Every structure is written in structure tokens, then in C-alpha cells.
Number of protein chains: 2
Amino acid sequence: MSAIDLNKAPVPNPFGTLNPCAACTVRDLSICQVLNETDLQRLAEIATTMEIAARAPILDEGEDASYLFNVTGGTVKLYKLLPDGRRQITGFLYGGDFLGIAMNEQYAYSAEAVTGVTLCRFPRKKFEHLLTVLPNLEQRLLSAASNELVQAQDQMVLLGRKTAKEKIVSFLLALSRRLEARDKAPSPVHLPMSRSDIADYLGLTTETVSRTFSALKRNGDIRLLDGGKVELPDIEALTEIADGY
Amino acid sequence: MSAIDLNKAPVPNPFGTLNPCAACTVRDLSICQVLNETDLQRLAEIATTMEIAARAPILDEGEDASYLFNVTGGTVKLYKLLPDGRRQITGFLYGGDFLGIAMNEQYAYSAEAVTGVTLCRFPRKKFEHLLTVLPNLEQRLLSAASNELVQAQDQMVLLGRKTAKEKIVSFLLALSRRLEARDKAPSPVHLPMSRSDIADYLGLTTETVSRTFSALKRNGDIRLLDGGKVELPDIEALTEIADGY
DNA sequence: CGAATGATTGACGAATATCAAGCTGCGTGG
DNA sequence: CCACGCAGCTTGATATTCGTCAATCATTCG
């Protein structure tokens, strides 16, 4: 059974005849950015908007890749499991991110909602057909894939060669840079995911994550606010820590 | 200065008016596979074939990404460095692989020839222009990027969650599967790269790599032949080791 | 208020890194 | 042709980071 069935039923056209993209708050961040009115309409015709509750599965590794998604709100985690239960989170997705570039006929990873999530779902076959007639969209997707690969390589450096402290600080800085890229203040950053999620993303244990946060706090490098917010008082200094100078 | 300048001068058209792709031994493995005669000719017009000596640099991280490449022979390593010299090899490329998907205006990583390497070089601007008029090629590139992302995620699991033994065995099996995908015998596999390269690819030290090979050999899981070849007597058994059953 | 879940802290142990010493194979030059 | 030297590989002894096991604390939600 598809994991998606466990969630709230999709709403095929909640806006009546109106294009649902008109209300999309992350359009300019998403792959839809490159589409004109007409083309956007064509994409909207195959799209279904959905809401997923926090902790609910979105898709499972190995499952037939029948759908692709735009994340329009909330936080999603992507992960892979080893047979004995060890888990590696390969990425977090936020509003504007595309979910489903990295797959063949089956999904290469599982995806689960970290917070409540809103999605825009596309049947893969129809989406792939659209790609052939909307060259802009295909270009944009290639560019997204290229960016993801660059990120993936940074993550390999982190996982393979950085210390626990460097990993944590790199993670916080990546979130901070993401805020900056969207013209928001680079601090504080928000951590919607658990310590255990952070650990599985950075190749650590929850205990080490916790201890490292405590040590950074003790040293004045970060300040832990409530609501999972973290203040970064000196981003320059943190940048040096992250790269191990 | 561009790293490429250090190498043997490129040969713009070593085949006279003949299409150099006619002689290409890896065409069916490369992105060129999807091109017909006419389109192949257009790609060939912007291509330059090159030879790079073992250990010579091909490109440097941060450098303007002026060229993209097809690897037509030999082994290439891609890597990133931390300021203090720690190195993470993010991938090895072999004949048929495309070099340059993961970049923006600058290369995201450095590339160096492990063995003697032959390359097919394309000026990026011209290549990108070709993409807009050869939809097949763009699709193929997107598909290549998608595959690379899947691989990248496997590598994250390896780096973040596997033991030294699991890492080494996973690496050997990946090489073996590559052989199989090309209809060759899955064993023995050839390791053209040094222990130190393997270590930097797997997030280990050379000493740990060496010790782990010795332990696997002692246990009869592998046999080290000369010429850097490794025999895998029981691939089933190794598969279980690789995933930590 | 109590139970459950997640976060933090502590004590200890294990996997792998580090430091150091040989070993091997290969190219070079006498 | 052989000996030397060098680079890479292997092996050993020790150190260190981080994981494991366990207890306490904090927060949320019935």
C-alpha cells in the first residue's frame, strides 16, 4: 500500500476552476518560477494539493514512484534505512523544494513530514510528459538537480571528514544561509526537527548532538532559545569553526 | 591559471574532417548515446579530445566552469578539501561518465586523473546552447543527474552510518556491480586508485583501509591479486556484510 | 497529576585515528 | 644486473573521539 493513503485524502481542486497556483506562497522559490501563466495552468491541471500531518509518511523507499511533489509548506525529511535499523537522513526539504528528482522507477528514499506539511502532487507520467513540452521546466529541473548535487557533495565532506562540532556548526550555518538567501535575518535559525533527526542527518548520535549543543552554548558560540530557535551571535566565528580552521 | 593548461595541449581535430565520435569506444555508455548522426555531429563540432597523464589535475574547485567533459577512458577522482588539508573524494569517474553536472558558475570540486585519462571536452556555453536545441541530450543529462543523486545518497548512508568493514565491502561491490552492468564478469574488480584515495572516498584513514583489507583477506571474504585486482569469491555473502545484516 | 516522549548529562567502552616502525615493489643509476 | 632509494602499503602500540548504556530532567498531553 502506498504510504500516502494513510494521510488525509487529497483535494483535487480546492479552488474550483481557479488555478490553485494563484494562492501559492512559494511559487517564486519553486520550479514553477520559470513558467508563464499558460504553462502554469497546464501544470496546475495535473496538480493536487495535499496536507500531511506531522510525523506522517509521504513515500517509502522502493515503492513505485508514481508521484512527484512540490513542498509548499512545512519541513520534510528524506531518509534511508539499513536492515538493522540504522538510519541516514539524506536531506531536509522546506517550502519551495522539489521532491522526487533522485529516483528511477522506484523511490530511492523514504520521506516523512517533520512538521505539518503542504504538498503539491503531480502524477509522474503526466509530469514527465509536461517536461517534454515545457523546455523551461526541464531546464529548471536540471538546474535544481545540479544544485542538489553540489549540496550532496558538501554533505559528503561533512559526513566523511568533519568532527562532531564542525558538523553541528555547519548544519546551523546552512540553515542560516538559507534564511539569508530568502532575504531574512540569518539568525536565529529554527530547528523544527528532533535531536535524533539532526543526529541521523549528521552521522552522529542524539547524545553527541546534545552534548555538542551544550558545549557550544557554554562557550558562547550559540544561544538556545525556546521554540527550537538557535541564535548565532557571531556568524564569522562559526564559519571558521565549521571548516576547521 | 586553469589547471588544464598544465597538461598536454588539446588536439582540436585529430581526425581531420572525420567525426571523432566515430572512434569513441564508450559512446553507448555516455550521454552521446541518445544522439542521432546529425546531432552527434553538432556535438562533435564543439568537442576537443584530450589526454591527461596520471596524477595530473583536470580542474580545480572554485575555478570558473568554462568546460564540461566526457570521460572516454581511464579513472578520474573528484574531491573537495578542507582548509587544513582534510580531503573527501566525492566520486570516481570511469569511461562513459560525464564530468560537470554538479556546478554553478564555478566548479564545485576538483578533479584529477588517477590513471592516464582521455577526455572529450566541451566549452560550457556552447554545450548549454546545444542543450536548448537537442532536447534528447537535455533529458539524458537530467537522467544522469538523477542517477548521480541516487548514488550520492547511497554514499551518504555509507559515510554516515556504516562501519569500516561495511564501507570497504560496499565499495568493492559497487565496482563489481558496475562491471556487471557492462556485461563483464563481476569479479575480480580492479582498483586503480591508491589506499589513500580509497580512504578519502570512504571517510577512513589509509591504515584502517589496509587493516580492513587484511582482515577480509584473512577471513576468506576477498582475495588480493596483483595489479590491484581483488577477487570476490562469494558476492552474496559480501552483500550481507555490506548492509550490516 | 501522572505518563510518555524527548533532551540532557554522566560513566564507561569500542571503533577508528594517530604515531611509529618495518616491509614491498619498482624505477633508477651505477 | 644488482643495489639503492623512494613511495606506498602493512602492521603494531597507543590515544582520542564518539558511541553505548544508564539515569535524571523537562515538556507535553491526556
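Model, not experiment: these values are computed from the prediction. All chains are named by letter (A, B, ...) in the order of the sequence lines, taking the proteins before the strands, and each is independently numbered beginning at 1.
Residues B:L204 and A:R218 both approach DNA chain C. Their nearest nucleotides, taken by heavy-atom distance, put A:R218 toward the 5′ side.
Without hydrogens or angle criteria, B:Q155 side chain to B:Y201 main chain gives a donor-acceptor distance under 3.5 Å.
The listed nucleotides are C:dT9, D:dC18, C:dT16; the one nearest the side chain of B:T163 is C:dT16. Closest contact between the side chain of A:L224 and the listed nucleotides C:dT8, D:dG19, C:dT16 involves C:dT8.
Geometric assessment of A:R195 against the ring of A:F213 yields a positive cation-pi assignment under the 6.0 Å and 45° thresholds.
A:L68 places a side-chain heavy atom less than 4.5 Å from the side chain of A:M103. Between B:D197 and B:F92, the closest side-chain pair of non-hydrogen atoms falls below 4.5 Å.
For B:T118 and B:T72, the side-chain atoms include at least one donor-acceptor pair closer than 3.5 Å. No hydrogens or angles considered: a donor-acceptor pair under 3.5 Å links the side chains of A:Q106 and A:D64.
B:S210 comes within contact range of at least one nucleobase, with a heavy-atom separation under 4.0 Å. Counting non-hydrogen atoms under 4.0 angstrom, B:G228 reaches nothing in the nucleic acid.
Phosphate contact (OP1/OP2 of C:dT8, side-chain N/O of A:T206, threshold under 4.0 Å): absent. For the pair A:R55 and C:dG6, the criterion of a side-chain N or O lying under 4.0 Å from OP1 or OP2 is met. Distances shorter than 4.0 Å separate none of the side-chain N or O atoms of A:S196 from OP1 or OP2 on C:dA7. A:R195 has no side-chain polar atom (N or O) that falls below the 4.0 Å cut-off from OP1 or OP2 of C:dT5.
Atom CZ of B:R161 is separated from atom P of C:dA15 by 16 Å (rounded to the nearest Å). Across the protein-nucleic acid pair, B:R86 atom CZ and C:dA17 atom C1' stand 13 Å apart, rounded to whole Å. Here the C1' atom of nucleotide D:dC9 and the CE atom of B:M193 are 16 Å apart, to the nearest Å. Rounded to whole Å, the distance from CG on A:L191 to P on C:dG6 is 16 Å. For the pair B:L159 CG and C:dT16 C1', the interatomic distance rounds to 15 Å; values are reported in whole Å. Taking atom CG of residue A:D226 and atom P of nucleotide D:dT27, one finds them 9 Å apart after rounding to whole Å. Between the CG atom of A:L202 and the C1' atom of D:dG19 there is a distance of 15 Å, given to the nearest Å. As a whole-Å value, the separation of B:D200 CG from C:dA17 P is 11 Å.
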Pairwise N/O distances under 3.5 Å, protein to nucleotides 20-23 of chain D:
unit_1 : atom_1 : unit_2 : atom_2 : d
D:dT20 : O4     : A:R211 : NH2    : 2.7
D:dC21 : N4     : A:E207 : OE2    : 3.0

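The heavy-atom pair separating A:P188 from A:K229 by the smallest distance is CG-CD, 3.9 Å.
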